[in-house]
Amino acid sequence: MLEFSPGLEGVPVTKSKISYVDGQKGILEYRGIPIEVLAEKSNFVETGYLLLFGRLPRKEELEKFSQDLAKHRKIKYRLIDLIKCLPEHGHPMDAVQAAVAALGMFYPDKAVLDPQIQYLSAVRLIAKLPTIGAAYARLRYGDDCILPRNDLDHDSNFLYMLTGRVPDPFKAKALDTCLILHAEHTVNASTFSGMVTASTLADPYTVVASAIGTLRGILHGGAAEEAVEMLQEIGSVKNVRPYIEKRLAAKQRIMGLGHRIYKVKDPRAIILQQVARRLFEREGNSPLYEVALEVERVGEELLGYKGVHANVDFYSGILYNALGIETDLFTSIFAIARVVGWLAHWLEQLQDNRIFRPEQIYIGEHQKSYLPIDQR
Ligand SMILES: CC(C)(COP(=O)(O)OP(=O)(O)OC[C@H]1O[C@@H](n2cnc3c(N)ncnc32)[C@H](O)[C@@H]1OP(=O)(O)O)[C@@H](O)C(=O)NCCC(=O)NCCS
């Protein structure tokens with residue numbers, strides 16, 4: 001008898017060396033290095049190299065990787081035309097997914113097992129995703145998109161392409177920490193989706209487009225947008241408790257709380273909360289942050305006993321909001337970070353590939369008769 005595990009909970013689907021999570025102790029490591037250390041000492045590009053290639057880069061390797069990323073930021077004008085034609089009221093994640101799928105048509109290399117093509121495709125995807133996200137964010141309002149600058153670092157360039165201004169380094173660093181913390185998280189739904197697509201030997205643009213589609217849902221990457229909308233709807237600290245009680249009584253979820261793996265507070269939420277606190281100490285109080293602290297406090301009281309605590313999406317949205325980023329762009333920023341994890345798993349999958357083909361437990365009928373249409 002096959003045993004069915006809803007959501008594949010507890011079912012290993014791969015062996016991996018990329019990241020490690022312990023949801024009881026609140027541990028997350030990338031290639032064995034705790035995320036707390038990476039958030040403090042590394043940056044997104046270096047962490048990206050670590051995740052993709054299995055070790056920290058030497059100085060010249062990091063320089064080359066950074067330069068390659070900067071060199072590949074531009075996107076073809078035909079892709080800009082395509083993004084321009086997308087409906088302005090669509091969700092940015094759909095635009096990013098469509099553009100990434102189309103990106104593969106510009107680089108139709110079929111040799112996905114060739115290490116040089118693998119490197120170049122990974123660089124292109126990591127470099128161009130921010131350009132695509134920022135392009136749609138502006139083009140949808142009829143504004144021109146802003147060309148990337150290769151003299152700026154990865155985060156500053158993204159914020160520059162969004163706003164036209166070179167950001168304050170403190171804010172760029174806050175975004176960088178968000179990107180590090182969103183870069184990888186073992187076999188989550190979007191990574192698994194990418195791995196399934198990779199197992200068919202589809203090209204990496206298709207792999208990433210599949211993963212983007214899966215990340216979009218509100219139970220996954222979409223939670224940061226929902227969490228900020230919820231905090232805005234609550235409005236003030238005094239409304240928190242009645243709001244949460246009403247929602248729970250109606251069997252609704254509190255967005256940004258709870259996690260399949262973590263039964264303690266998500267270690268990424270702990271770091272992001274510190275980043276948010278530092279940012280608001282510097283920039284002045286944020287009503288949204290005050291509401292969030294109260295939601296977390298009341299959430300602990302009412303849901304903590306079920307192992308439901310703040311997750312990564314709870315504070316990331318508040319930070320993006322403080323950086324002046326529109327709410328519906330949050331999930332695309334998640335994708336801009338997670339593309340590294342998806343690609344690391346793509347490379348690992350290809351080292352020992354077998355097409356995914358799980359089982360089902362059939363619960364339907366057998367040998368039924370075919371009734372002619374006039375007798376049904
Ligand atoms: C992330 C999530 C999908 C994990 O789901 P899961 O592992 O299937 O957890 P379960 O649905 O089994 O939840 C276990 C219990 O906690 C409750 N719970 C979990 N998350 C909750 C939340 N956000 N709000 C209220 N209750 C929650 C469930 O209702 C369930 O209660 P019950 O045992 O009384 O029925 C879920 O916590 C959720 O929907 N969170 C909100 C969305 C979110 O923030 N997602 C981002 C994740 S990084």
Side-chain angles (χ1 to χ4, degrees), residues 13-19 30-31 38 42-57 61-62 64-66 68-73 75 93 96-97 99-104 106-133 154 158 179-215 220-221 331-353 356:
V13 293
T14 189
K15 288 183 180 173
S16 179
K17 292 182 177 169
I18 301 169
S19 63
Y30 294 168
R31 301 284 186 183
L38 292 168
S42 185
N43 58 52
F44 175 68
V45 170
E46 184 186 60
T47 298
Y49 188 102
L50 168 75
L51 286 166
L52 288 169
F53 306 116
R55 60 168 176 80
L56 287 169
E61 288 170 332
L62 181 58
K64 179 177 183 312
F65 188 52
S66 305
D68 287 344
L69 286 175
K71 209 164 66 191
H72 284 278
R73 283 177 184 157
I75 53 176
M93 275 295 270
V96 172
Q97 189 189 31
V100 168
L103 196 59
F106 294 95
Y107 310 105
D109 317 306
K110 290 276 175 281
V112 291
L113 298 174
D114 177 332
Q116 266 183 328
I117 289 179
Q118 290 177 344
Y119 177 79
L120 201 55
S121 326
V123 162
R124 277 195 201 114
L125 279 157
I126 299 166
K128 292 185 197 303
L129 231 78
T131 314
I132 289 170
H154 197 73
F158 174 61
L179 296 191
I180 291 176
L181 297 176
H182 283 84
E184 158 65 7
H185 204 242
T186 72
V187 187
N188 52 83
S190 57
T191 300
F192 183 48
S193 169
M195 284 165 62
V196 172
T197 307
S199 80
T200 68
L201 298 187
D203 67 81
Y205 307 94
T206 310
V207 169
V208 171
S210 303
I212 291 173
T214 308
L215 183 68
H220 192 4
T331 319
S332 341
I333 301 178
F334 195 155
I336 285 169
R338 186 56 61 84
V339 67
V340 163
W342 295 329
L343 290 166
H345 284 272
W346 167 61
L347 292 174
E348 194 175 65
Q349 176 71 31
L350 293 184
Q351 279 168 25
D352 188 16
N353 185 49
F356 276 99

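Trp346 places none of its side-chain heavy atoms less than 4.5 Å from the side chain of Met195. Within the 4.5 Å cutoff, the side chain of Tyr49 has heavy atoms near those of the Arg55 side chain. Counting heavy atoms from C-beta outward, Leu52 and Ile126 have side chains that approach closer than 4.5 Å. At a threshold of 4.5 Å between non-hydrogen side-chain atoms, the residues Trp342 and Leu215 count as touching. Side-chain contact between Thr47 and Asn43 is absent, with no heavy-atom pair separated by less than 4.5 Å.
Ring-plane geometry between Phe65 and Phe53 is classed as perpendicular, the angle between the planes exceeding 60 degrees on a 0 to 90 degree scale with a lower cut at 30.
How far CG of Leu347 is from CD of Gln351: 7.5 Å, rounded to the nearest 0.5 Å. Note that the OG atom of Ser121 and the CD atom of Gln116 stand 11.0 Å from one another [nearest 0.5 Å]. We find the OG1-CD1 distance between Thr331 and Ile212 to be 11.5 Å, quoted to the nearest 0.5 Å. Distance check, rounded to the nearest 0.5 Å: CD1 of Ile117 to NZ of Lys110 gives 10.5 Å.
Between Arg124 and Asp109 a salt bridge is recorded (basic side-chain N to carboxylate O distance below 4.0 Å). The pair Arg31-Glu184 fails the salt-bridge criterion, with no side-chain N (NZ, NE, NH1 or NH2) lying under 4.0 Å from an Asp/Glu carboxylate O.
Residues Leu125 and Pro204 share a closest heavy-atom pair of CD1-O, 3.8 Å. Shortest non-hydrogen contact noted between Val100 and Leu129 is CG2-CD1, 3.3 Å. Of all the heavy atoms in Ala337 and Leu179, the pair that sits closest is CB-O, 3.4 Å. Residues Leu38 and Ile180 approach most closely at O-CD1, 3.7 Å, considering heavy atoms. Closest non-hydrogen pair, Pro130 versus Ala127, comes out as CD-O, 3.4 Å.
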*asked:* Between Gln349 and Thr14, is the side chain to side chain donor-acceptor pair (under 3.5 Å) condition met? List the steps.
replied: CA-CA 8 Å; Gln349 176 71 31; Thr14 189; 4.8 Å; no
Query raised in the report: After noting the C-alpha distance and the side-chain angles of His220 and Ser190, does the key distance pass the side chain to side chain donor-acceptor pair (under 3.5 Å) rule?
Result: CA-CA 8 Å; His220 192 4; Ser190 57; 3.0 Å; yes
Using side-chain contact (heavy atoms from CB on, under 4.5 Å), reason through Ile18 and Tyr30 one step at a time and then give a plain yes or no.
CA-CA 6 Å; Ile18 301 169; Tyr30 294 168; over 6 Å; no
Stepwise, does the side-chain contact (heavy atoms from CB on, under 4.5 Å) test hold for Leu350 with Leu201? CA-CA 8 Å; Leu350 293 184; Leu201 298 187; 3.6 Å; yes
- Query: Could you go step by step and tell me if Val340 and Leu343 meet the side-chain contact (heavy atoms from CB on, under 4.5 Å) rule?
  - Reply: CA-CA 5 Å; Val340 163; Leu343 290 166; 6.0 Å; no
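For Tyr205 and Phe106, the ring centers sit 6.0 Å or farther from each other.
Under the 3.5 Å distance criterion, the side-chain polar atoms of Lys17 are left unmatched by any main-chain donor or acceptor of Gly54. Of the possible donor and acceptor atoms, one in the side chain of Gln118 sits under 3.5 Å from a partner among the backbone N and O of Val112. With Gln97 contributing its side chain and Ala209 its backbone, the two residues share a donor-acceptor pair below 3.5 Å. The closest donor-acceptor contact from the side chain of Tyr107 to the backbone of Leu120 lies at 3.5 Å or more, if one exists at all. The closest donor-acceptor contact from the side chain of Ser19 to the backbone of Thr186 lies under 3.5 Å. Proximity of a side-chain donor or acceptor of Arg338 to a complementary backbone N or O of His182 within less than 3.5 Å is detected. Checked by atom type and distance alone, the side chain of Asp114 never pairs as donor or acceptor with a backbone atom of Ala111 at under 3.5 Å. Within the 3.5 Å criterion, the main-chain N or O of Val196 finds a donor-acceptor partner in the side chain of Ser199.
Residues Ser210 and Ser193 have side chains that never bring a donor and an acceptor to within less than 3.5 angstrom of each other.
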